[in-house]
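Residue numbering restarts at 1 for every chain, and letters A, B, ... go by the order of the sequence lines.
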2 protein chains.
Amino acid sequence: MSDSLPRPAELLCFSVYAAAHAMNRVYKPLLDPLGLTYPQYLVMLTLWDEDGQTVGQVSERLFLESSTITPLLKRLETAGLLTRERDRADERVVRARLTEAGRALREKALGIPACILGATGLDMAAAVRLRDDVERLRHSLERAAGEEPPSGGPS
Amino acid sequence: MSDSLPRPAELLCFSVYAAAHAMNRVYKPLLDPLGLTYPQYLVMLTLWDEDGQTVGQVSERLFLESSTITPLLKRLETAGLLTRERDRADERVVRARLTEAGRALREKALGIPACILGATGLDMAAAVRLRDDVERLRHSLERAAGEEPPSGGPS
DNA sequence: GCGGTTTATATCGCGCGATAAAGGATCGCT
DNA sequence: AGCGATCCTTTATCGCGCGATATAAACCGC
């Protein structure tokens, strides 16, 4: 079609990619004292919300493969924040349960969301609006990634 | 302040993080045939836009450290897409120049932006609007990451 | 209960990306 | 010359993220 290509800065996807990095750089000094990386923080958030979730539930909520979640949980287990045990009723299932240390860490994390909101330079309403826009984008992309069989749009 | 924490899905930053992954999943089948990863594609875009840029220029445009760009460029050099040579006038500077193969690859990439736009489910105007919103977010985050001296908000 | 399928996770292998920290080389200014 | 600033590389480290494969348990029809 066109014979020109955009600069990275013109691309929506690049802005998302770059924003994700920037976000990481903001989180790092906040999470370092807790000994967590950002993905680990996300896992802790889901368990603080509801303890004893299965690997599958965690991967579903974070949109990551179980082959990403399992090593993540193992690192958190090694750090003493949770335990992994098979469900008695269904032995295929592994559930992650917070330890006392895992629950205690929650207190230290309470201030983080406010710090982050401050760093975004947005008020709550604007942040929610943007979040929903980006979430819709994620959803569309996810759907598109699921299709795309050969190499053909409308022939 | 508050004694509750959000679920990941409620966070703006998580939506950005998840959208970045989703984006990668869409790009992957498009970039695999070109033998590029997404960050490598970004480097190629900047060089297709302007050949012979320095390491510093490329890192600046992609918001990445030079210690990330150097290995990236090396991989692209190994792939035969570019060469790295020191500037004659200023021997501190290393410039990346496309090879014939690097320039040729451009043709194969021409269709990608349209594919991506399709996958976002947005029309051009909406995509541009969202891009600018996310870019503003990135900018705020970047600025916040630059400050935050010790550990103190309001004491 | 017996095969066959599906589901849930683990495992393995892989490479890249990203950073921090330290070092080397060069430039530019005085 | 000398000295700080600039640009890049190197090294070391680490975690993430995925695909492919394997395993084990659960379900299902009969």
Side-chain angles (χ1 to χ4, degrees), chain A residues 14 17-29 31-32 35-44 52-79 83-96 142 145-146, chain B residues 14 17-29 31-32 35-44 53-79 84-96 142 145-146:
Chain A
F14 173 69
Y17 170 82
H21 287 314
M23 174 208 83
N24 242 304
R25 290 191 270 261
V26 172
Y27 268 104
K28 189 152 195 315
L31 292 178
D32 272 350
L36 295 176
T37 65
Y38 182 68
Q40 290 169 3
Y41 169 67
L42 293 178
V43 170
M44 294 304 289
Q53 290 188 72
T54 70
V55 173
Q57 287 174 314
V58 175
S59 15
E60 200 176 343
R61 297 204 183 186
L62 301 185
F63 306 111
L64 294 171
E65 304 296 315
S66 75
S67 50
T68 300
I69 297 299
T70 295
L72 254 174
L73 289 176
K74 281 190 177 178
R75 276 174 223 121
L76 293 170
E77 186 177 33
T78 301
T83 62
R84 300 181 310 131
E85 39 183 310
R86 296 209 167 261
D87 189 310
R88 301 226 167 188
D90 184 344
E91 295 255 347
R92 290 172 303 181
V93 167
V94 170
R95 293 189 177 276
E142 210 82 64
Chain B
F14 173 70
Y17 169 83
H21 287 315
M23 173 208 85
N24 240 303
R25 290 182 206 121
V26 172
Y27 267 105
K28 187 152 196 312
L31 292 178
D32 272 350
L36 296 175
T37 65
Y38 182 67
Q40 289 168 4
Y41 169 66
L42 292 178
V43 170
M44 294 305 289
Q53 290 187 74
T54 70
V55 172
Q57 288 174 314
V58 174
S59 10
E60 199 177 345
R61 297 203 183 186
L62 301 185
F63 306 110
L64 294 171
E65 305 296 315
S66 73
S67 50
T68 300
I69 297 298
T70 295
L72 253 174
L73 288 176
K74 280 190 177 178
R75 279 176 222 121
L76 293 169
E77 185 177 33
T78 302
R84 299 181 310 132
E85 40 183 310
R86 297 206 167 263
D87 189 309
R88 301 226 167 186
D90 183 346
E91 294 255 347
R92 293 172 299 181
V93 167
V94 170
R95 294 190 177 275
E142 210 82 65

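- Arg84(B) comes within 4.0 angstrom of the backbone, heavy atoms only, and of no base.
- Across all strands, Ile69(B) comes closer than 4.0 Å to no nucleic acid atom at all (heavy-atom distances).
- Whole-Å rounding puts the Gln53(B) CD to dC8(D) P distance at 11 Å.
- Chain B approaches DNA chain C within less than 4.0 angstrom (heavy atoms of the protein), and the contacting nucleotides run 5' to 3' from dC16(C) to dC27(C).
- Of the listed residues (Tyr17(A), Tyr38(A), Tyr27(A)), just one forms a ring pair (Phe, Tyr, Trp, His ring centres under 6.0 Å) with Tyr17(B), and that residue is Tyr38(A).
- Toward the 5′ end of DNA chain C lies the nearest nucleotide of Val55(A), the other residue of the pair Pro71(B) and Val55(A) mapping further downstream.
- Within a 6.0 Å radius of CD in Glu85(A), other residues, nucleotides and ligands contribute more than 12 heavy atoms.
- Across the interface with DNA chain D, nearest-nucleotide mapping of Ser66(B) and Ala89(A) shows Ser66(B) to be the residue nearer the 5′ end.
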Q | Trace of the side chain to side chain contact (heavy atoms under 4.5 Å, CB included) decision for Leu36(B) with Leu76(B) | A | CA-CA 9 Å; Leu36(B) 296 175; Leu76(B) 293 169; 3.8 Å; yes

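- The closest side-chain heavy-atom distance from Tyr41(A) to Phe14(B) is not below 4.5 Å.
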Q: Tell me, with the steps shown, if His21(A) and Glu142(B) meet side chain to side chain contact (heavy atoms under 4.5 Å, CB included).
A: CA-CA 9 Å; His21(A) 287 314; Glu142(B) 210 82 65; over 6 Å; no

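- Spacing between atom CZ of Arg92(A) and atom C1' of dA25(D) amounts to 6 Å, rounded to whole angstrom units.
- Map Lys74(B) and Arg88(A) each onto its nearest nucleotide of DNA chain D; the residue landing nearer the 5' end is Lys74(B).
- Residues Thr70(B) and Arg84(B) share a closest heavy-atom pair of CG2-NH1, 4.3 Å.
- Of the side-chain N and O atoms in Ser67(B), none sit less than 4.0 angstrom from OP1 or OP2 of dT9(D).
- Using a 4.0 Å heavy-atom criterion, one finds that Tyr38(A) contacts no nucleic acid atom at all.
- Here the P atom of nucleotide dT9(D) and the CD atom of Glu91(B) are 13 Å apart, to the nearest Å.
- Put simply, the side chain of Thr54(A) does not reach to within 4.5 Å of the side chain of Asp87(A), judged on heavy atoms.
- Residue Leu72(A) is in sugar-phosphate contact alone, with no base atom involved, counting any heavy-atom pair closer than 4.0 Å across all strands shown.
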